[in-house]
Amino acid sequence: MGKISVMLCFLLVSLALVNGNKIGVFELKKGDFSIKLTNWGASIMSIVVPDSYGKLADIALGYDSALSYVDDKTNFGRTVGRVANRIGGAKFTLNGATYKLNANDGNNTLHGGAKGFGNLLWKVQSHKPDAKSPYITFAYDSYDGEQGFPGKVLVSVTYMIIGSNKLLVHMKAKAINKATPVNLAHHTYFNLGGHNSGDIKSNKVQIFASHITPTDSSLIPTGIISPVKGTPFDFLTPQTVGSKLKDLPGGFDINYALDGATSSKKLKKTAIVSESKSGRTMELWSNQPGVQFYTANTLANVKGKGGYVYGNYAGLCLETQAFPDAVNHPNFPSVIVNPGQDYSHLMLFRFTTKNVRKM
């Protein structure tokens, strides 16, 4: 091992000991359904589920080693925030004060800044792998002024296996001393054929949203909420990703305004993804008003698990969320959490299989 490699390993180990906590790998398992996670970014590393023949496969893109997530630029599996997605101009005004944020996406802020929640070491608050519903809770205390955001915020995310092949993700936050925007999101890249099965063009997607929030060339919402009917963004009926890419060759990276998003207390069906060869289906339910649909348009030559190299369209993300740049668009649902208030973001993934016809 060369000097540079040794120095890199030393740096990673040093990072792993921040606040006395080590970067670790943790497993939740129930029957044939298992999940591996790391406390770096409160991230999912793998999701292993059976196909229609009972064959197990990992359907989440990622890395073999937890340390690989420290230098990751793709946000594989991460919990992102304090405010997920983009904030235009890396600034916003709240209660008469203008806050300048860390700009890490050109002139804009993406996923909370260069050191957003996905790029930090979280505490393992609780891990009960042998419980009836196995779970793990990661926690992080965000300080006042972190990446430019106002106020101290206490954050946690719980991953729990419930019932048969169902994963509940519960992201929570509490503002302590100042009003502040909060919009957490989960960033797993899925490929229901298996992480190493190629691209997701054959994955069939249905999104329960009649509208999107169009963006400018920097992917900042214009403030308009537009119908999807008659556009390539229409996934109201199940469509393969590949069939839609013919009309939108640059791929998808857009927020959908979900239908029936009237209450943050109720779960509603957000999306369904299926893959015909394996017979796997994933249903997603959430209590958020939007979901970002991203098809890994810029992923290129990323060496992942088992040495497999991920390229364009190797996975898809369905990131339930509040609307991007909501702090700068009064007509969007508010993301402001006041002192003493609780933020609660629920995601429920249900994995099933269907019979596959033999050729």
Plane angle bin for Tyr69 and Tyr63 - parallel if under 30°, tilted between 30 and 60°, otherwise perpendicular
perpendicular
I'd like to know if the side chain of Trp122 and the backbone of Thr137 have a donor-acceptor N/O pair within less than 3.5 Å.
no
Do you know the tightest heavy-atom contact between Arg86 and Ile220?
CB-CD1, 3.6 Å
Asn39 side chain to Ala42 main-chain N or O, any donor-acceptor pair under 3.5 Å?
no
Please check this pair: side chain of Ser126 against backbone of Ile136, looking for a donor-acceptor N/O pair closer than 3.5 Å.
no
Any luck finding a side-chain donor-acceptor pair between Tyr310 and His195 under 3.5 Å?
yes
Write down the atom of Val228, the atom of Asp234, and the distance for their closest heavy-atom approach.
O-CB, 3.5 Å
Please check this pair: side chain of Ser286 against backbone of Leu346, looking for a donor-acceptor N/O pair closer than 3.5 Å.
yes
Just distance, no hydrogens or angles: give the donor-acceptor pairs under 3.5 Å from side chains in residues 23-32, sequence neighbours left out.
{"residue": "Lys29", "atom": "NZ", "partner": "Gly31", "partner atom": "O", "Å": "3.1"}
{"residue": "Lys30", "atom": "NZ", "partner": "Lys132", "partner atom": "O", "Å": "3.1"}

In short, salt bridge (charged side-chain N to carboxylate O under 4.0 Å, His left out) pairs touching residues 288-315 with sequence neighbours left out are Asp58-Lys305
side-chain hydrogen bond (donor to acceptor under 3.5 Å, both in side chains) partners of residues 207-221, not counting sequence neighbours, each pair once:
Ser210-Asp259, Thr213-Asn255
Without swapping roles, check the side chain of Asn104 against the backbone of Leu110 for a donor-acceptor pair under 3.5 Å.
yes
About how many Å separate CG of Asp253 and OH of Tyr294, when rounded to the nearest 0.5 Å?
6.0 Å
Scan Glu319, His187, Gln321 and name whichever one has a side chain to side chain donor-acceptor pair (under 3.5 Å) with Gln292.
Gln321
With no hydrogens and no angle check, do the side chains of Thr98 and Thr93 hold a donor and an acceptor under 3.5 Å apart?
yes
Just to verify, which of Phe190, Tyr159, Trp285, Phe33 counts as forming a ring-ring contact (aromatic ring centres under 6.0 Å, His included) with Phe349?
Phe190
Going by atom types only, do Ser344 and His170 share a side-chain donor-acceptor pair under 3.5 Å?
yes
Nearest heavy-atom approach of Leu61 to Gly315 is CD2-N, 4.0 Å
Roughly how far, to the nearest 0.5 Å, is NZ of Lys201 from OG of Ser243?
11.5 Å
Could you check whether Tyr189 and Phe76 have their ring centres less than 6.0 Å apart?
yes
If you take all heavy atoms of Asn183 and Ala322, which pair is closest and at what distance?
OD1-N, 2.9 Å
Using 30° and 60° as the class boundaries, would you call the ring planes of Phe252 and Phe233 parallel, tilted or perpendicular?
perpendicular
